[in-house]
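Everything below concerns the one structure shown next.
Note that this is a predicted model, so its numbers are computed, not measured. Per chain, numbering begins at 1; letters A, B, ... match sequence-line order.
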Amino acid sequence: MDKSFDAAAAESRISDAWEANGCFKAGANAKPGAAPYSIMIPPPNVTGVLHVGHAFNNTLQDVLIRWHRMRGFDTLWQPGTDHAGIATQMVVERELAKQGKSRRDMTRAEFLNHVWAWKKQSGGTIVKQLKRLGASCDWSRLAFTMSGAPGAPAGEEGNFHDAVIKVFVDMYDKGFIYRGKRLVNWDPHFETAISDLEVENIETAGHMWHFKYPLAGGQTYEYVEKDADGNVTLSETRDYISIATTRPETMLGDGAVAVHPDDERYKPIVGMLCEIPVGPKQHRRLIPIITDDYPDPNFGSGAVKITGAHDFNDYGVAKRAGIPCYRLMDTRAHLRTDGAPYAEAARIAQEVANGARVLTEAEADALNLVPDHLRGLDRYAARQRVVDDITAEGLAVMTRADDPRLGKDALKPGAEGAETPVPLVEAKLITQPHGDRSKVVIEPMLTDQWFVDTARIVGPALEAVRSGRTRIMPEQHRKVYFHWLENIEPWTISRQLWWGHQIPVWYDADGAMYCAPTEAEAIAQSGGKPLTRDPDVLDTWFSSGLWPIGTLGWPEQTPELERYFPTSTLVSGFDIIFFWVARMMMMQLAVVGDVPFRDVYVHALVRDEKGRKMSKSIGNVLDPLELIDEFGADALRFTLTSMAAMGRDLKLSKERIAGYRNFGTKLWNAARFAEMNGCKPVAGFDPSAVTQTVNKWIVGETARVRIAHDEALSGYRFNDAAGALYAFVWGRVCDWYVEFAKPLLAEGDAGVVAETRATMAWVIDQCLILLHPTMPFITEELWGAIAPRDTMLVHAEWPSYGTDLIDAEADREMGWVIGLIEEIRSIRAQMHVPAGLKVQLLQVEIDARGQAAFARNAAMIERLARLSSVTPVAAMPKGAVTVAAEGAVFGLPIADLIDVAEEKARLEKTLEKLGREIAGLKGRLDNPKFVESAPEDIVDEARENLAARAAEAEKLAAALARLASIG
RNA sequence: GGGUGAUUAGCUCAGUGGUAGAGCGCUUCGUUCACAUCGAAGAUGUCGGGGGUUCAAAUCCCUCAUCACCCACCA
């Protein structure tokens, strides 16, 4: 065997062997009559490359799957990828752009061919990367959320598309899906609607302008402001109403100005008309001043302009008050260029405002109220023009340059100075919605879209978690889940993209809708009319919401669906609880009436060592593949598993991974030691039949760690499971058992040597088995290297031994031996005894139990404490250092080597510490309430502790006294 | 504006009622035949502040402070 594990060389070889032997296939290694255990992989984007988050998520899944597989469950880990509508279309369009091509120059079918071609070429990347991590998915079942879609090339067959379409049609028929013109989040970059969840609200520096809307016909009113006590603080005659806005360009689409019904300041003018201070003077529009509960009298001027087509709040007000919504922008958020010239549109709008005319929604939408000189401008360019125009006209509200409201980032055109009036433009932090993919500011847009009426299917999803039919762990995420579902809004599912599942709805010439799985059926429904299909596709999450049943063959009642659904565990990051987990719950319950999974384990985010989210722009991204290259997949996996404490973000650093790489090397060398000492696995070895104390002890320790590991993993406490294994392998097996075994193997009689070899081989095997779920590669390699085996380690039998292997007497004895060795080592180090020098141990007094323990383990103690001999003496000689152990006193005659003062200091320090402990224990035991109320075992433990500490203190006090007599 | 979580050794973090641990780092020593990707020994903590419950609090409750994240329509 080499000195260390060559991960780079071994990993691909081992991976190939696992796959070649079908080790990961559904049901592989299942015991007869085994219970199913299934996990659905969160499908990574087909465009994706493996990042640390994937590595984390999939490591945890693999640990669970490998553990269950070894335990003989009928396992399925279902892999696959997601077509990721927007993300993929974005990538392919970018690729096309490099070749000077654009989607707009080709037909839909042509573009989709490009996407499929791209998917074929690079869609397998992430799958290969998952394999490098060691993910033991049943790769023969690799699924894709667009398989079987029309236009899919050979090799992309499957029925996922059919399942998605069937669900859409069913939900449409039940009325769970509807179409309507609504204000939706519009991404001007991708030119599509997106759902609420795809919007990120980001606080950005912005401005709030204050403008005057003149009252129609030069009317005036007395504007009165009062303080909280009702004292008048301002009273003046005004011919305008002051409006504050962060988006002046939307003034063009105003349909009204709203004030709160209780706002005394504006009561005189409610019902009047005021003028929008933009556009050609001769066609300036007048709009009504209305009341609504929405305006907050304490914010801004208390008056809000109502632009129903470009603001969600305004939309609500407009709907309530019957104010028309005038759309100002096109799909790119440029001001509209279509429709009649401004003069004509403004005239019609004015008739509406005057109450002389009523527009239908469609008529209002067709009206382009953008003044001619602003048409075609980008929204931000338009904003500047509008502000300039109004300011030039003198309709900006003026204030003094030292007005604190202006803030340091306020726009202050013209002269500076406190006495100089400037337009009131407040510098303000504005929370603005951004597209999570495009990063551009979202424009609320009035468009026709498809929606899932989530309120109608949310009930069962709430109930399933409330009742515990599906468990969400850690518990805190239940609240998040409940909160979101209890306040759920309709889900916008249509996207104005080409890559995705096209909505199965057709329209006839009159606009009547026909929803059917195929065009032929839609035509039949219509009675044979010519139809055109809705061009939109479905939100990616609509199809991934069907991932559990879709991958198992639904709507066919396949054996896999029968066997593995509902799935056992879902492992997901908290960031997609709403996007994915909640929607899978709702949709599976709505479609097949059952929960998609029993347990949901929600893990945290991986961050960099400074706790920042990893992002390309910061440049702090750790590439898992590079980490695997550098440290091996096992090291990365063990690190992630060790850090997977529930509910907390984890900060990943290379140092930590290096530490666990070293752990692998440690294991490797323990196995190497075993090999070099002829420790071969013995068929039929019975761990309960060993006779040597040290062997009994390590067998018991092995049982302990198996129990601890399994309990931890059953509760999804991955870090505890990994920690227990680490402490056992390094802290018990390597630090002690291997060292104990050395003298036995070198000097023991034939029987002892044979038993120790067999035990050592067994212990190493147990280490490999127990570590395999977290460190599959190195353990598989060692498994094969140690001996010829019937099966690969991936299919080895998981042990079930329990506490019956723990021998209390062996435990106690080895605890005593280890304690004694540590004590002697500690004294040697503190007294500066040269490490290589062997010293004599004097046995001053020892009870029968200690005598026996010492005798059985003398060779080990001598070796590990570096003793030259052990000599019984009648009394502690002068100059010997006292070594106190339970039931015994030893001495180290190292007088000529030590400094009396130093030894005195050592004893005093130890005594002081003991004294504190004794005082604490005494204090508790002297308190009658403690003895009465505390559990018996706690009290007993305290008593035993006190006795042991007191005995030790006594011995050390004696030693100190003796030392004083010398000095 | 709501909500959730965090605050423990120099750093990163475990620890859900019994008197505080790990890894890394640090100090000293070590070429003992598995391993220097190692070994031995060691130092370092008013467990964020304050109050309460309890025989007993890092742990439960209240409060304050700071930080992080999520959700949210203040023009």
Side-chain angles (χ1 to χ4, degrees), chain A residues 1 3-5 196 201 208 243-247 250 258 294-296 298-307 311-316 428 430-431 433 444 474 476-477 479-480 483-484 487 574-575 577-578 604-605 607 609-611 613 631 635 639 642-643 645 647-653 655-656 658-677 717 719-720 723 726-727 731 734-735 738-739 742 746 822 825-830 832-836 838 863-864 866 917 920-921 923-924 927-935 937-939 941-942:
Chain A
M1 272 172 80
K3 276 184 105 173
S4 65
F5 176 55
D196 298 346
N201 289 306
M208 188 157 82
I243 304 285
T245 179
T246 55
R247 303 202 53 197
T250 63
Y294 162 62
D296 175 0
N298 298 315
F299 186 86
S301 67
V304 184
K305 64 190 216 52
I306 300 301
T307 320
D311 183 283
F312 286 97
N313 288 310
D314 294 4
Y315 183 70
K428 198 170 183 297
I430 298 169
T431 307
Q476 73 216 41
H477 289 289
K479 286 186 193 167
V480 180
H483 182 261
W484 189 68
N487 298 287
F574 75 85
D575 50 333
I577 292 181
F578 306 142
L605 238 53
R607 296 171 181 279
E609 68 262 60
K610 294 196 181 98
K613 205 167 168 172
F631 301 105
T639 307
S642 298
M643 297 174 82
R648 276 257 307 232
D649 285 348
L650 49 105
K651 295 179 183 134
L652 193 61
S653 70
E655 288 71 28
R656 190 86 186 237
Y660 290 116
R661 185 264 325 269
N662 297 352
F663 175 58
T665 305
K666 192 75 181 173
L667 172 71
W668 181 269
N669 278 291
R672 192 155 154 261
F673 170 84
E675 184 201 41
M676 292 167 76
N677 286 277
R717 296 194 316 275
N719 58 322
D720 286 343
Y726 186 96
C734 292
D735 285 350
V738 166
E739 296 304 327
K742 283 175 184 173
E822 283 178 336
R825 281 174 169 175
S826 177
I827 291 168
R828 289 179 58 119
Q830 278 179 66
H832 304 298
V833 177
K838 292 192 174 184
R863 182 188 172 95
L864 297 183
R866 300 207 56 72
E917 285 180 46
L921 288 162
R924 289 166 70 191
N927 182 343
K929 283 191 175 170
F930 170 68
V931 181
E932 280 165 30
S933 354
D937 53 326
I938 296 292
V939 178
E941 197 186 312

Subject >> Those residues that, when tested against A:N662, pass side chain to side chain donor-acceptor pair (under 3.5 Å) (two or more places apart) >> reply: none

**OP:** Would you please say whether a donor-acceptor pair under 3.5 Å links the side chains of A:N669 and A:R672?
**Re:** yes

Subject >> Which nucleotide in B:U37, B:C35, B:C73 has an atom nearest any side-chain atom of A:N201 >> reply: B:C73

Subject >> RNA chain B-proximal residues of residues 299-307 of chain A, any heavy atom under 4.0 Å >> reply: A:F299, A:G302, A:V304

**OP:** Provide, to the nearest angstrom, the distance between the CZ atom belonging to A:F673 and the P atom belonging to B:C35.
**Re:** 10 Å

**OP:** Let me know, please, whether A:V931 or A:A671 comes out on the 5' side of the other along RNA chain B by nearest nucleotide.
**Re:** A:A671

Subject >> Nearest non-hydrogen partners of A:D314 and A:T307, listed with the distance >> reply: OD2-N, 2.9 Å

**OP:** Tell me what A:R247 touches on the nucleic acid: a base, only sugar-phosphate, or nothing, going by heavy atoms under 4.0 Å.
**Re:** nothing

Subject >> Protein-nucleotide distance (A:E675, atom CD; B:A34, atom C1'), rounded to Å >> reply: 10 Å

Subject >> Atom P, compared across B:A75 and B:G18: separation rounded to whole Å >> reply: 50 Å

Subject >> Under the salt bridge (charged side-chain N to carboxylate O under 4.0 Å, His left out) test, residues paired with A:K742 that sit two or more places apart >> reply: A:E739

Original post:
Is the shortest side-chain N/O distance from A:K3 to OP1 or OP2 of B:C38 below 4.0 Å?
Top reply: no

**OP:** Report the residues that fulfil side chain to side chain contact (heavy atoms under 4.5 Å, CB included) with A:R828, sequence neighbours left out, ordered by chain and then residue number.
**Re:** A:I824, A:V833, A:V839, A:R866

Original post:
Is there side-chain contact between A:I938 and A:F930, with heavy atoms separated by less than 4.5 Å?
Top reply: yes

Subject >> Nearest to side-chain heavy atoms of A:K742, which nucleotide of B:A40, B:C71, B:A34 >> reply: B:A34

**OP:** Only counting residues at least two apart or in another chain, list the ones meeting side chain to side chain donor-acceptor pair (under 3.5 Å) with A:E675.
**Re:** none

Original post:
Looking across every strand, which nucleic acid part, if any, lies under 4.0 Å from A:D296 by heavy atom: base, sugar-phosphate, or nothing?
Top reply: base

Subject >> Interatomic distance at P, B:C29 relative to B:C61, whole Å >> reply: 50 Å

Original post:
Does the B:A40 base have a donor-acceptor partner in the side chain of A:Q830 within less than 3.5 Å?
Top reply: no

Subject >> Side-chain N or O of A:K428 closer than 4.0 Å to phosphate OP1/OP2 of B:C74 >> reply: no

Original post:
Just how far, in rounded Å, is C1' of B:C70 from CZ of A:F578?
Top reply: 7 Å

**OP:** Give the C-alpha distance, both sets of side-chain angles, the deciding distance and a yes or no for side chain to side chain contact (heavy atoms under 4.5 Å, CB included) between A:I430 and A:M208.
**Re:** CA-CA 9 Å; A:I430 298 169; A:M208 188 157 82; 5.9 Å; no

**OP:** With sequence neighbours left out, write down each residue that passes side chain to side chain contact (heavy atoms under 4.5 Å, CB included) with A:A658, or none if nothing qualifies.
**Re:** A:F631, A:R661

Subject >> Under 4.0 Å protein heavy-atom contact, by nucleotide of nucleotides 17-29 of chain B - B base, S sugar-phosphate only >> reply: -BB---S------

Subject >> Donor-acceptor under 3.5 Å (A:R825 side chain, A:L864 main chain) >> reply: yes

**OP:** Under 4.0 Å between any heavy atoms, over every strand shown, what does A:K838 touch: base, sugar-phosphate, or nothing? Just pick one.
**Re:** nothing

Subject >> Over all atoms of both residues, closest heavy-atom pair of A:F574 and A:A604 >> reply: CD2-CA, 4.1 Å

**OP:** Quickly work out the A:R828 CZ to B:U32 P distance and round it to whole Å.
**Re:** 14 Å

**OP:** Give one of base, sugar-phosphate or nothing for A:R825, where a contact means two heavy atoms less than 4.0 Å apart.
**Re:** sugar-phosphate

Original post:
Can you name the nearest heavy-atom pair linking A:D311 to A:P444, along with the distance?
Top reply: N-CB, 4.0 Å

Original post:
With sequence neighbours left out, what residues match A:P928 under side chain to side chain contact (heavy atoms under 4.5 Å, CB included)?
Top reply: A:E932

**OP:** Choose from B:U37, B:A75, B:G39 the nucleotide whose nearest atom is closest to any side-chain atom of A:A244.
**Re:** B:A75

Subject >> Under-4.0 Å side-chain N/O to phosphate OP1/OP2 contact, A:S642 with B:A14 >> reply: no

Subject >> RNA chain B: 5'-proximal contact among A:R866 and A:N298 (nearest heavy atom) >> reply: A:R866

Original post:
What is the distance, rounded to the nearest whole Å, between atom CG of A:N487 and atom P of B:A72?
Top reply: 10 Å

Subject >> B:C24 to B:G17 separation - C1' atoms, rounded to the nearest Å >> reply: 31 Å

Subject >> Residue list, side chain to side chain contact (heavy atoms under 4.5 Å, CB included) with A:T639, at least two apart or on another chain >> reply: A:M643, A:L652, A:R656, A:I657, A:Y660

Original post:
What is the minimum heavy-atom distance between A:I243 and A:A303, and which atoms define it?
Top reply: CD1-CB, 3.8 Å

Original post:
CD of A:E739 versus P of B:A40: gap in Å, rounded?
Top reply: 8 Å

Using nucleotides 43-48 of chain B, report all nitrogen or oxygen pairs with the protein that are shorter than 3.5 Å.
residue	atom	partner	partner atom	Å
B:A43	OP1	A:K909	NZ	3.2

Subject >> Separation of the P atoms in B:A56 and B:C69, to the nearest angstrom >> reply: 40 Å

Original post:
A:M676 has an atom CE; how far is it from atom P of B:C33, in whole Å?
Top reply: 10 Å

**OP:** Using the P atom as the reference point in each nucleotide, state the distance between B:A68 and B:G30 in Å, no decimals.
**Re:** 48 Å

Subject >> A:Y294: side chain to side chain donor-acceptor pair (under 3.5 Å) partners, not counting sequence neighbours >> reply: A:N313

Subject >> Nearest-angstrom distance, C1' atom, B:U19 to B:G45 >> reply: 14 Å

Subject >> Interatomic distance, A:E822 CD vs B:A40 P [rounded to whole Å] >> reply: 9 Å

Subject >> Check: A:N927 side chain, B:C55 base, donor-acceptor under 3.5 Å >> reply: no

Original post:
Which whole number of Å gives the distance between the P atom of B:C67 and that of B:A58?
Top reply: 26 Å

Subject >> Minimum heavy-atom distance between A:A244 and A:S301, given as atom pair plus value >> reply: N-OG, 4.3 Å

Original post:
With rounding to whole Å, what would you report as the distance between B:C47 and B:G39 at their C1' atoms?
Top reply: 32 Å

Subject >> Paired stretches of RNA chain B - 3 or more consecutive Watson-Crick or G-U pairs, each distance under 3.5 Å >> reply: B:1-7 with B:65-71, B:10-13 with B:21-24, B:26-30 with B:38-42, B:48-52 with B:60-64

